[in-house]
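Fair warning: this is a prediction, and the values are worked out from it, not measured in the lab. Heavy atoms only: backbone and side chains are in, while hydrogens, waters and symmetry mates are out. Residue numbering restarts at 1 for every chain, and letters A, B, ... go by the order of the sequence lines.
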Amino acid sequence: MSERIVIIGAGQSGGRVAQILASNADTNMSITLIGSEPHRPYNRPPLSKGVLLGKSGLDDCLVWPQDGSVESRVMFHAGRRAKSFDARQQSVELDNGTVLEYDKLVLATGSRVRHLSVPGAGAEGVYTLRTFDDAERIARQFRTGKRLLVVGGGFVGLEIAAAARARGLETVVVEATHRLLSRIVPEEVGAALARYHEEAGVSFRVGSMVEELVTTSSRKPNAAVLSNGETLPYDLAVVGVGVTADTALAKAAGLDVQVGIRADSSLRTSAPNVFACGDAVSFWHPVFERHVRVEAWHNAEDHARVVADQLLGRPAVCNTVPFFWSDQYDRSMQIVGIPHFGSELVSCTLNDAKILYHLDAYGVLVAATALGHDRVIGRKISEARRLIMRKVKPDPHLMKQGRSLL
Amino acid sequence: MSDTKNWIKALDTTKVARGDVARWDHDGRSYAIFRTDSDAFYATDDICTHEYAHISDGYVEGTTIECPRHAGCFDFRTGQALNPPVCVNLRTFPVKVEDGAIYIDIA
Ligand SMILES: Cc1cc2nc3c(=O)[nH]c(=O)nc-3n(C[C@H](O)[C@H](O)[C@H](O)COP(=O)(O)OP(=O)(O)OC[C@H]3O[C@@H](n4cnc5c(N)ncnc54)[C@H](O)[C@@H]3O)c2cc1C
Ligand code: FES
């Protein structure tokens, strides 16, 4: 009898699982992919870069090869939402009432953007950026808008600000905490990043919150009222205040959910025959010996490979060290490992680049954060990845001096 | 056998350490020249096929080069793209070593 695989979520991770199965599974396997967006799976990193600049379209972002080979093998329900699933009956119900039975289920539901909960947050001219359609809408506004307000100084917010400057918009970023990326990167890196953006003409309001978005009598965007009393006029606002794992479906089905969908190091959830991958998962990481949830492109790839391997009958665990990049003007920001598992920082300056090593209480390297040209930081990050994997305690003097650690 | 290749002298072998890579710019293009631990030499295009980076700025391990920007990997002997985000192979070029110099056929 044929084996029925159902994948919920046709983003990067779910799309990649389908692709790997399509090119490796024998014809006995039926592959069904359900995606609430109308598009084929695509990569999100270009959304806040090339797509906003008008340089890339959907075709430049697609996960699958353009030769139709995946489509011919996968039953793809585009624009369909999975409403619920029953882990005991092993079935999924779609929003049009269709019920699909599965032998193995993959949850690849990704992240959901957070919205502001202040008066005016739902008004015209206020956007969030998660999907290709979001990016196109914002890109269109970039053509006519003059003053952009970015709410939230995280990676996505900063990339939007950079794109807006490149398109000539006056740009202000409002950040509630006292510095950029305060939860993610050390102060030195946040400050250096802020300088690059200021050089490009972005202005910042840190330590202030947006309290209200005021519209004109015809409900057009008008101004933001900040907690510091200031009123900032704008005609386009993008809210980038973070994302949360989309766990609604898993929760409703009674799976173990804590921050993300709980999974072991092979990405098996608490329900039999149900795997999970990508942003939505909090999985047991064998290197850190803790659960981790990672919102990053490489993580979604690694997860897809681990899940697909097992569906193809090959045992697999996810032990890759998480890696995140963000392109900031001509510099690159890269993070390898899990910075918040560290309690001590060792900092290294190489030319105008910064590399910060995060050590745990025992001196074991758990992460490295770098900002600078990839020429300078790329090798350091690659080296750090190998050291983290081996749970090494590098010599702080060598780290400080930027010497080889391997 | 006559040598029909169009060899161009690139770098002295001393310019590429064992287990490492060096960049060679010629006629407006960049090439990456690799030397393995066992002293074999290889040459590829130096610009990553994903977005833009000089792969000679990347990390060499065995016969793999990791791009310094988004960590895509290539086998530098064949140019094969090994893991996303790279999916297009790198172009490779024939290499020979003579009298302590590396020659590349860039035709
Ligand atoms: C603007 C932007 C820029 C980014 N830049 C970078 C970067 O530079 N570097 C980096 O490392 N990472 C970056 N990321 C993060 C990266 O894109 C994500 O980590 C990655 O997309 C996660 O993949 P995923 O498949 O888990 O989730 P997603 O790609 O979010 O896919 C999940 C899909 O599931 C669908 N879905 C959810 N529930 C259901 C349901 N019930 N039924 C059907 N479908 C459902 C959703 O609609 C969505 O299409 C960026 C993200 C964004 C938004
Ligand atoms: S530029 Fe090389 S992997 Fe992206």
Legend entry - Engaged part of His54(B) at the chain A interface, taking heavy atoms whose separation is under 4.5 Å: neither

Legend entry - For Ala71(B) against Arg385(A), the heavy-atom pair lying closest together: CB-NH2, 3.8 Å

Legend entry - Side chain / backbone / both / neither for Asn43(A) at chain B, heavy atoms under 4.5 Å: neither

Inset, instruction - Heavy-atom pairs under 4.5 Å with chain B are the metric here; pick the option from Arg16(A), Arg375(A), Arg305(A) that has the most. - result: Arg375(A)

Inset, instruction - Look at the rings of Trp325(A) and His298(A) and say which category their plane angle falls in: under 30° parallel, 30 to 60° tilted, over 60° perpendicular. - result: perpendicular

Inset, instruction - Name, in order of residue number, those residues of residues 29-45 of chain B that have a heavy atom at a distance of less than 4.5 Å from a heavy atom in chain A; otherwise write 'none'. - result: none

Inset, instruction - Could you walk me through whether Glu66(B) and Arg386(A) pass salt bridge (Lys or Arg N to Asp or Glu O under 4.0 Å), step by step? - result: CA-CA 12 Å; Glu66(B) 180 179 314; Arg386(A) 286 158 176 86; 3.4 Å; yes

Inset, instruction - Return yes if a side-chain donor-acceptor contact under 3.5 Å exists between Thr369(A) and His358(A), otherwise no. - result: yes

Inset, instruction - Assert yes or no for the condition that the ring centre distance of His70(B) to Phe323(A) is strictly below 6.0 Å. - result: no

Inset, instruction - Verify whether one side chain among Arg44(A) and Tyr42(A) offers a donor that lies under 3.5 Å from an acceptor in the other. - result: yes

Inset, instruction - Report the C-alpha distance between Arg293(A) and Glu295(A) in whole Å, list the side-chain angles of each, state the deciding distance to 0.1 Å, and finish with yes or no for salt bridge (Lys or Arg N to Asp or Glu O under 4.0 Å). - result: CA-CA 7 Å; Arg293(A) 189 173 86 80; Glu295(A) 294 157 11; 2.6 Å; yes

